[in-house]
Structure formats: C-alpha cells, structure tokens
Protein chains: 2
Amino acid sequence: MWTGAPASSGFGVDWRSDDLAPSPFPSSWFPRTDGTDRRHLLARSADLLPSSAALPMEEAKAAQDREHKFLSIAVEEAYRAVDCGHGRPFGAVVVRNDEVVVSCHNMVVMNTDATAHAEVTAIREACKKLGKIDLSDCEMYASCEPCPMCFGAVRLSRIKRLVYGATAEAAIAMGSCYQNANLEIKRADGDGALLAEQLFDNTKGKFQMY
Amino acid sequence: MWTGAPASSGFGVDWRSDDLAPSPFPSSWFPRTDGTDRRHLLARSADLLPSSAALPMEEAKAAQDREHKFLSIAVEEAYRAVDCGHGRPFGAVVVRNDEVVVSCHNMVVMNTDATAHAEVTAIREACKKLGKIDLSDCEMYASCEPCPMCFGAVRLSRIKRLVYGATAEAAIAMGSCYQNANLEIKRADGDGALLAEQLFDNTKGKFQMY
C-alpha cells in the first residue's frame, strides 16, 4: 500500500538506471504483498515545458494558434462521440509534421469495448495508418486530461508531446468511470509464479524487440 | 512533479469521496503546472487478499489448483505470442464462473498496435464476447504483472480479481518499453482549455452513463 515515502532511486532513458531524480510513480502502482518500492522502474515524464512562454511574441502567437487549431479538432470529435451515440464526450487527435494523422473519439459504447477511449483509439488508428508502433514523431491533442490507461498508452506509443484541454476533474464531475474499489490483486502462489518467470528465460532471443 | 508527499485526502467507492485512507496514486500521475494534489480523485485497489491463506487446507489446495490452471493457460498464450511472431511473451485470460471467456496474447507486432498488450486485447475480446463493458463478474489471469496502461484497463473494465505470475521486473529485464523520458505534457492555453471545459456543460444529459 502507498505510504507516501519518497522514491529512493531514479529513472531515466533506461528502465534500469538508478542514479537520476525520483520517479513520480508510487510503489503501489502495482500493489504487492512484499512492499518493495519499485518506482525507480517506471519512467518519469519530462518536466512541463510551456511551449510558448520563452518565445518572441509573434512565434508564441503562432504556436498558440496552432495548438488551438488541433485542440479544436479534438473537441469537435468529442461532440461527435455524443451526437453519434458512440460514447462519452472525449476526442483525441494525432498530429505529425503539422498534419492530422487521425482524429478519433470515444467508441466505448459503439464498439462495446471498455478500452476504446479516444486516446487509445487514436493511438491504435495512428499506428495502423503510419504502419508502425513508434509514434515518437507525433503529438497528441486531447479534449481532456487522459485517464491512467490512456496516459499509459501515450507513453507506450512514445508520442513526443501531449496537449489537453479540460482537466480530469471536469470528466470526473460528469461521472467518469475509473473507479474499481473492489479489485483484488495478487501474485500467484509459488508454482504458477515460477512457470511465468521461466517464460522469459525460455523465449528470450526468439522475439523481436520493439 | 512528484515530491513524495503523502496524499492528504481519500479515495473510495465514489471518485469524489474525501474521508478515507490515502490514495496510492501520485499527484503527478497527470503532471500539472499548478502542483495540485489530486490523488484523492483516483481509486485505490482493495488491500491484497491472499485468497487461500485463511481457508481450510483442502479448500486452499483447490483454490491454488484453480489458480494454477488458469495461470497456466495465460503462460501458454504467452509462448504462443512468440511462436507465432505476434509479439512479446505475454498472455492474459478472462475467466467468468470458472470458465475461460477469452485467452489472448500480445498482438503488438501482428496488429501494428502499440496498445495491443495481452491484457488490453483480452479485455477488448471479453467485452465483445459477453456483449458488455462491465466485466465485474470476471477475473483476469495474466502471465506477468500488468504495465500501467493494462492496469488502468483492468480497472476501467471493473474486473473483480487479477492474478499474475511473473513480476514487472522480469519483463523489464528483457527490455520492456514503458519508457518515454521525452514526453512533454501541457494543458492548452486559455481559450482552448475553455472550449474543452464547455464541452461537458454542452453535452451533459445527451450521453448515456456507463
């Protein structure tokens, strides 16, 4: 259980580096029985960098206009989700080289898929469209601050920049559904755990890194 | 940025409850410029409940055998991911009333989809098969401790119990890819943010709760 104790080790380019600043992730991200602090295993976001603050006025205005343009598309998508009955009012746009790659909205109801949030849907569609799983040359514009699942997906896709509009509180106020107080989590007992650990030894070298 | 300070408010059945124990989530889950501590807005997992510890010996053995059976299927799936070249060695099984609903493996390479981890794929398939997005009558057995994205998806789907085999460190040791040290996250400037906040006011009452 989360105790509020600061991380004792670091994060960085490599998951295993241990000499950098504290990770923002709690040791209980994956609750465990042994109380091990594993925050150093998880990556930290870059510090927030308001993109227009340090720019000359004209450049700052252009940057803000650009941001507004793509965020407006995400908001339009969110309205579309509701108008079409596809899901809740959330939209997300993936942008590459100043062009919209995909513009998606929440499809949870339409697809009967609890994972079909706008951001996850946009990442899936962008990967397909660009033919790659590494979106490190892309940005995302989201109508609302992503939930933990979507934030995780953004990181996995290596998107380089995320700009959002409404805060998570706005989504929560209208009844967001990240709650699951009754989830029990446990590691399997000895044999099962061993079987799973051996999996990596038995398959290493047989799969491609990505 | 995460400072290691303990949460000052609570969590619970309702996102907005504020009189319970500290949340395990850091205020920087969604990094923000204003430093607001919002951990109380995020749900905490139930305390870990080793299911077999308090049971009579025979029942404990039966529970362990049952767990082992489903975890073995998840591990078999993980081997399949590698054998088929579909992705990395991860498998996940959704179980309902002692029966396997779906058994899935990592499809990231096969589907060119950064979000197609075994757990997310299993939730998507289970939702489709059962025709609902609420999997609160289901358990998940995963070959490995889920990444943050998958853990978020488990919570969103309301799965009631998660049993995993290998620890996250085992996945990390073979080169897991949750790292994105270069992600910049920002809230849009005034107008864009306002546009997005208004979205909820303008659509409330028009979409179904789920």
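Each chain gets a letter, A, B and so on, in the order its sequence line appears, and its residues count up from 1.
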message: To check you understand the geometry: which heavy-atom pair defines the closest contact between B/Met149 and A/Gly152, and what is its length?
response: CB-C, 3.8 Å
- prompt: A/Gln64 versus A/His68: any side-chain heavy-atom pair under 4.5 Å?
  reply: no
task: Return the option, out of A/Asp113, A/Val120, A/Leu130, with the maximum number of heavy-atom pairs under 4.5 Å with chain B.
output: A/Asp113
message: Can you tell me which residue among A/His86, A/His117, A/Arg80 is in a side-chain hydrogen bond (donor to acceptor under 3.5 Å, both in side chains) with A/His105?
response: A/His86
task: Tell me, for B/Asp201 versus chain A, whether the close heavy atoms (under 4.5 Å) come from the side chain, the backbone, both or neither.
output: neither
field: When B/Asp83, B/Val109, B/Thr115 are compared by non-hydrogen pairs under 4.5 Å with chain A, the top option
entry: B/Thr115
message: For A/Tyr79, which atoms come within 4.5 Å of any heavy atom of chain B: side chain, backbone, both, or neither?
response: both
- prompt: So, B/Glu197 and B/Arg187, do they make that salt bridge, N to O below 4.0 Å?
  reply: yes
- line: Tightest non-hydrogen contact, residues B/Ser143 and A/Ala196, listed as O-CB, 3.2 Å
- prompt: Looking at B/Gly85, B/Cys150, B/Pro89, which one has more heavy-atom pairs under 4.5 Å with chain A than the rest?
  reply: B/Pro89
message: What part of A/Val163 gets within 4.5 angstrom of chain B, counting heavy atoms only: side chain, backbone, both, or neither?
response: both
query: Partners of A/Asp65 by side-chain hydrogen bond (donor to acceptor under 3.5 Å, both in side chains), sequence neighbours excluded?
result: A/Lys61
query: Does B/Glu145 use its side chain to pair, donor to acceptor, with the backbone of B/Thr167 at less than 3.5 Å?
result: no
query: Roughly how far, to the nearest 0.5 Å, is CZ of B/Phe200 from CZ of B/Phe207?
result: 7.5 Å
Chain B interface, residue from A/Val75, A/Val82, A/Leu199, A/Thr203 that has the most non-hydrogen pairs under 4.5 Å: A/Leu199
- prompt: Do B/Arg66 and B/Val95 have side chains that get closer than 4.5 Å, going by heavy atoms?
  reply: yes
message: Measuring only between side-chain heavy atoms, which start at C-beta, is A/Leu183 closer than 4.5 Å to B/Phe151?
response: yes
task: Just give me the residue among A/Asp191, A/Leu195, A/Leu162 that pairs up with chain B most often, heavy atom to heavy atom, under 4.5 Å.
output: A/Leu162
message: Shorter than 4.5 Å, heavy atoms on both sides: which option in A/Cys144, A/Gly190, A/Cys127 has the most such pairs with chain B?
response: A/Cys127
task: Count the heavy-atom pairs under 4.5 Å between each of B/Leu71, B/Ile123, B/Leu194, B/Val108 and chain A, then report the option with the highest count.
output: B/Val108
- request: Report the C-alpha distance between A/Arg161 and A/Tyr141 in whole Å, list the side-chain angles of each, state the deciding distance to 0.1 Å, and finish with yes or no for side chain to side chain contact (heavy atoms under 4.5 Å, CB included).
  value: CA-CA 8 Å; A/Arg161 188 163 178 261; A/Tyr141 293 80; 3.4 Å; yes
- request: Spell out the residues in residues 131-140 of chain B that have some non-hydrogen atom less than 4.5 Å away from a non-hydrogen atom of chain A, in order of number; otherwise answer 'none'.
  value: B/Gly131, B/Lys132, B/Ile133
